[in-house]
Amino acid sequence: MDVTPIIDTLNDAQRQAVTSDNKHILVLAGAGSGKTRVLVHRMAWLIDVQQQAPQSILAVTFTNKAAREMRGRIENMLGIPTRSMWVGTFHGLAHRLLNQHWSEAGLEQNFQILDSDDQQRLVKRIIQGLGMDENRWPAKQAQWFINGQKDEGIRAKFVEDTDDPFIKAHRKIYQAYEDFCKNNSLVDFGELLLRAHEILRDDPNLLQHYQRRFSNILVDEFQDTNTIQYAWLRLLAGEDTAMMVVGDDDQSIYGWRGAKIENIQDFSRAYADTETIRLEQNYRSTGTILQAANAVISRNTGRLGKNLWTSQEDGDPISLYSAFNEIDEARFIAEYVKRRFEQGNNYSESAVLYRSNAQSRVLEEAMLRANIPYRIYGGQRFYERLEIKNALSYLRLCLNRNDDQSFERVVNTPTRGIGNRTLDEVRTVSREQGVSMWQASLKLVDEKTMSARATNALYAFVQLITQLEQAVQGMELEEQAEQAINLTGLVEFHRAEKGEKGQARVDNLQELVSACKAYEADDPDAEVLPQFLAQATLEAGDQQADEHEDALQMMTLHSAKGLEFPLVILAGMEENLFPHSMSADEPGRLEEERRLAYVGITRAEQKLVMTYAECRRIYGDEKFNSVSRFVRDVPNELIEEVRANIKRPSPPGRVRATGGSSRRFSTSDTGMDTGFELGQHVMHPKFGEGVILNFEGHGANARVQVNFHSEGSKWLVVSYARLESI
DNA sequence: CAAACCGGGAAGGCA
DNA sequence: TCCCGGTTTG
């Protein structure tokens, strides 16, 4: 066996991990140290060299994207199909398991998966059904509670029984929700994991079967596992199962959604023979960038310890730009990116990362103005869009009339005269007689208890679905989708909407048909439609389109994890924004913010730029924040401050004036009277250093607003305040 | 029943 | 400031 292609390109630590004979291996993989590569090569090693059967391997990731990439790389490397391997996300694999053992899991064969939107609607209805005050117990919060419990593997009846009214109320909601889901064979995302865990836990034969089958378990991004995921893995790993978990405690940024960074620490305790391998050589970034990253993360406590190094040159210094407001910041970024483009780099080599989505709008406007193509990651995904969910709901109703979620969604979309009164009637009958809303509707139509108008409208809907189902029989998936959007009037409905929005929705519906055309079922023997629908929920789809256009990449720091770019610009490096004010008080959360900073910095390959704004408008009012502590953590000698006056070809006031909407600074050129410029750094005898933010008035009355590093923002009369420019 | 209006809330986002 | 959901109005 020629093992060269598998291990030849690896460094020592990587090779150690790939070829280790140890049963339990913990790979601490720093950013850019080649962790995916280790995982893929390990699988190749197991199959090709150790002659393990592909179906004995289970490899689990968090995102569909990562799973796809892994699959692709295996197929490339080994030239074998990966169908028999269990490679997927936790949820995807759990779904696979429940699909195969639906009966043991106490589900109907084609059980419904609720996405978080469906879940929230349902929780809301449950709260209403319980007669609880919706203002006191918002559905969103209850949903959060329920999911939090499920992440911990806790069923409603095991929720701590206390007098705490909050817990009491939510326990009650959770219980009612759980019962409802059980009775209707509904499974939310958390439930997939929880139930996948339970069927193995409670069925020794089943457990043994899978423990024997999977002699190798590989886990990606292990630091992101939550309690139930970890418990599931431990259950699945039998006596003879070898496990390799790969992760980086320094990149754990999902604690807020249940990830337990402790799992990574627990692993070597749970499996005493664990071999720990550190991947510390970074192949991505320049020395300077790594030094900055190390400096920032070193302030965290309780790390497992890792120090990234590179054989690369130090490279460019880190640029720091102090903008006087977020518009100036965006303008600077646009210019910077444009200049780089003019020097012959693609736009797609640059990324702007920010802490929160709210920051994207101003950036977007600046890019539009500068004619820079951009792509924003995140936001609503394809299968989560309203019009798409509606179309899918019609298809769901074809499969299952009793799907109340879908029924509620589309019964009056497009509007067909079935209003709240009528629906309330349907809901009541449904509740009282314990039947689905569809059956309740049939009854109501039959008995004609309602007004003729309402009865007719409802009857029309019943007819519509019946027709649709017949029309769709035996059709190809894409034709089914086509029928669903045309026959029901969805397309017409959105076409009639005014504005670009309607057109976009029509386009999306067309896109859905294309997606159906391109769809390949996992299991060619089974029905296509149910598979497609489940997949649409499980994999909501990155927003498609324009993937290939050369565009600047814009996204939050969270969604940048796992990516890399030659140029990275970290925008909004300000206290209260990053670290976010909501995380400031709690040490644990602050450390997570710091890890987020670490993730951001380590995305950069060649050049890192950080920007912050002295003044930022958030939710309508102006905030004056000082520069982020994460910037201050970076050693000075790595940073090169970009002076405002060099990079500002036109006075900022002008840029805004032509920009349109925003006019928060005094217009005109009164600024000139004062002898100061916006954004200029000044010194005050008492308040110290500061930055000019705004002007007001003329001549002797002229005032300036200055943001002082020590004192915050103040208005000063120019003729009295002895300001000096510095 | 549908369209206009109003008020509260807004971190991050995978499945 | 913007967006959503609930309420009021036509």
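Numbers restart at 1 for each chain; the letters A, B, ... are given by sequence-line order, proteins then strands.
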Does A/Arg396 use its side chain to pair, donor to acceptor, with the backbone of A/Leu533 at less than 3.5 Å? yes
Within the pair A/Arg381 and B/dA15, is there a side-chain N or O less than 4.0 Å away from OP1 or OP2? yes
Applying the 5.5 Å / 30° rule, does A/Tyr254 stack onto the base of B/dG12? no
Presence of A/Thr422 side-chain N/O under 4.0 Å of B/dC1 phosphate oxygens OP1/OP2: yes
Ignoring backbone atoms, establish whether A/Ser559 has a side-chain N or O less than 4.0 Å from OP1 or OP2 of B/dG13. yes
How is A/Arg355 classified with respect to the nucleic acid when contacts are heavy atoms under 4.0 Å: base, sugar-phosphate, or nothing? base
When you compare the side chains of A/Asp115 and A/Tyr383, does any donor N or O come within less than 3.5 Å of an acceptor on the partner? no
Donor/acceptor link under 3.5 angstrom from A/Ser583 side chain onto base of B/dA11: yes
Give a yes/no on whether any side-chain N or O of A/Asn412 is located under 4.0 angstrom from OP1 or OP2 of B/dA2. yes
Interatomic distance, A/Gln380 CD vs C/dC4 P [rounded to whole Å]: 9 Å
Contact class for A/Asp224 (heavy atom, under 4.0 Å): base, sugar-phosphate, or nothing? nothing
Answer with base, sugar-phosphate or nothing: what part of the nucleic acid does A/Phe189 contact at a heavy-atom distance below 4.0 Å? base
Quick one: do the A/Arg409 and A/Asn390 side chains pair a donor with an acceptor below 3.5 Å? yes
Where each residue is assigned the nucleotide of DNA chain B containing its nearest heavy atom, which of A/Ala540 and A/Gly419 is assigned the position nearer the 5′ end? A/Gly419
Can you tell me how far P of B/dA11 sits from CG of A/Asn576, to the nearest Å? 13 Å
Check whether NZ of the Lys or CZ of the Arg A/Arg595 lies under 6.0 Å from the centre of the six-membered ring of A/Tyr598 and within 45 degrees of that ring's axis. no
In whole angstrom, give the distance that lies between atom CG of A/Leu353 and atom P of B/dG12. 14 Å
Which of these nucleotides, B/dA15, B/dC1, B/dA11, is closest to any side-chain atom of A/Ser116? B/dA15
Would you mind classifying the nucleic acid contact of A/Gln359 as base, sugar-phosphate or nothing, using non-hydrogen atoms under 4.0 angstrom? nothing
Could you please name the option among C/dT1, B/dA15, B/dG12 that lies closest to any side-chain atom of A/Tyr619? C/dT1
Starting at the 5' end of DNA chain B and moving along, which residue's nearest nucleotide shows up first, A/Leu423 or A/Glu539? A/Leu423
On the six-membered ring of A/Tyr377, is A/Arg375 placed so that its NZ or CZ lies under 6.0 angstrom from the centre and within 45° of the ring axis? yes
Between the side chains of A/Glu329 and A/Tyr612, is a donor N or O closer than 3.5 angstrom to an acceptor N or O? no
Name the closest nucleotide to the A/Asn64 side chain, picking from C/dT1, B/dG12, B/dA15. B/dA15
Whole-Å distance, A/Glu326 CD to C/dT1 P, equals 12 Å
OP1 or OP2 of B/dA11 under 4.0 Å from side-chain N/O of A/Asn357: no
Looking only at side-chain N and O atoms, does A/Thr415 come under 4.0 Å of OP1 or OP2 in B/dC1? no
Stacked pair A/His580-B/dA11, distance under 5.5 Å, angle under 30°: yes
